[in-house]
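Okay, structure first, notes after.
The model shown is predicted, which means the values in this text are computed figures rather than measured ones. Positions are given from 1, in the same order as the sequence printed here.
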Amino acid sequence: QVQLVESGGGLVQAGGSLRLSCAASGRTFRTYAMGWFRSAPGKEREIVAAITWSGGSTYYADSVKGRFTISRDNAKNTLYLQMNSLKPEDTAVYYCAAGSDLATMTLRQSMIRYWGQGTQVTVSS
């Protein structure tokens, strides 16, 4: 119904930048909130950032606040995560997701309907 495909991951030195993209296809006429999550080895998946359909409201994890920026271009059905001042602790597989609203993205991960396959981000020291 909705397919999400991430891109833009890779290897970067600490202090560098990457921009992740998530292309959505399928039933994108629904007004989904979207977000980015990440999973490091041995750790549970955690919310990174989320955004409402309109882009009017955003959420950032404290660990990335001020460094990452989430945005979306609904005309292109694409979600972005601009990551600046990257740190080794940002190393993880990053997943994009689509859910019904911002609360679902930030508080109720089990209710999120659609997930991408993930893209690896590795930050070297």
Side-chain angles (χ1 to χ4, degrees):
Q1 297 184 47
V2 174
Q3 295 80 45
L4 305 174
V5 180
E6 302 96 334
S7 62
L11 175 65
V12 65
Q13 293 186 139
S17 298
L18 284 173
R19 188 177 75 160
L20 305 183
S21 298
C22 174
S25 61
R27 297 175 62 183
T28 55
F29 59 86
R30 293 185 67 91
T31 55
Y32 293 109
M34 297 189 72
W36 291 96
F37 296 77
R38 66 187 182 187
S39 180
K43 298 181 179 180
E44 288 194 343
R45 184 178 60 209
E46 63 177 354
I47 180 74
V48 176
I51 188 169
T52 57
W53 183 89
S54 68
S57 296
T58 57
Y59 168 87
Y60 295 96
D62 288 342
S63 59
V64 307
K65 196 172 298 181
R67 299 187 297 120
F68 291 10
T69 302
I70 188 170
S71 62
R72 64 193 298 167
D73 186 338
N74 289 340
K76 297 180 179 179
N77 293 320
T78 303
L79 175 74
Y80 303 98
L81 184 68
Q82 178 66 46
M83 304 185 294
N84 297 327
S85 301
L86 283 161
K87 304 175 181 179
E89 49 263 48
D90 295 318
T91 295
V93 176
Y94 284 70
Y95 301 88
C96 69
S100 59
D101 54 32
L102 205 62
T104 297
M105 306 304 294
T106 60
L107 300 175
R108 295 186 282 271
Q109 291 186 33
S110 63
M111 298 296 292
I112 296 173
R113 296 183 64 184
Y114 304 106
W115 293 88
Q117 83 290 345
T119 185
Q120 177 71 48
V121 172
T122 302
V123 184
S124 62
S125 301

Taking [X] for its side chain and [Y] for its backbone only, find out whether a donor-acceptor pair lies under 3.5 Å.
X    : Y    : answer
Q1   : G26  : no
E6   : G118 : yes
T119 : Y94  : no
R67  : S85  : yes
N74  : W53  : yes
T52  : S57  : yes

Return the minimal non-hydrogen interatomic distance between [X] and [Y], and the atom names on each side.
X    : Y   : value
C96  : L79 : CB-CD2, 4.0 Å
M105 : G35 : CE-N, 3.4 Å
A61  : I47 : CB-O, 3.5 Å
G116 : Y95 : O-CD2, 3.6 Å
T106 : A50 : CG2-CB, 4.3 Å
S21  : T78 : CB-CG2, 4.3 Å

Taking the side chain as C-beta and beyond, is there a heavy-atom pair between [X] and [Y] under 4.5 Å?
X    : Y    : value
M83  : V123 : no
Q120 : T91  : yes
M34  : L4   : yes

- [ ] Carefully, step by step, assess R38 and D90 under the rule side chain to side chain contact (heavy atoms under 4.5 Å, CB included).
- [x] CA-CA 9 Å; R38 66 187 182 187; D90 295 318; 2.9 Å; yes
Open item on the list: What I want to find out is whether K65 reaches D62 closely enough, with some N-O distance under 4.0 Å, to be called a salt bridge.
Closed with: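 Salt bridge between K65 and D62, a charged N being under 4.0 Å from a carboxylate O: yes.
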Task: Among F68, W36, Y80, side chain to side chain contact (heavy atoms under 4.5 Å, CB included) partner for L20 - done: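 Single pass found, and it is W36.
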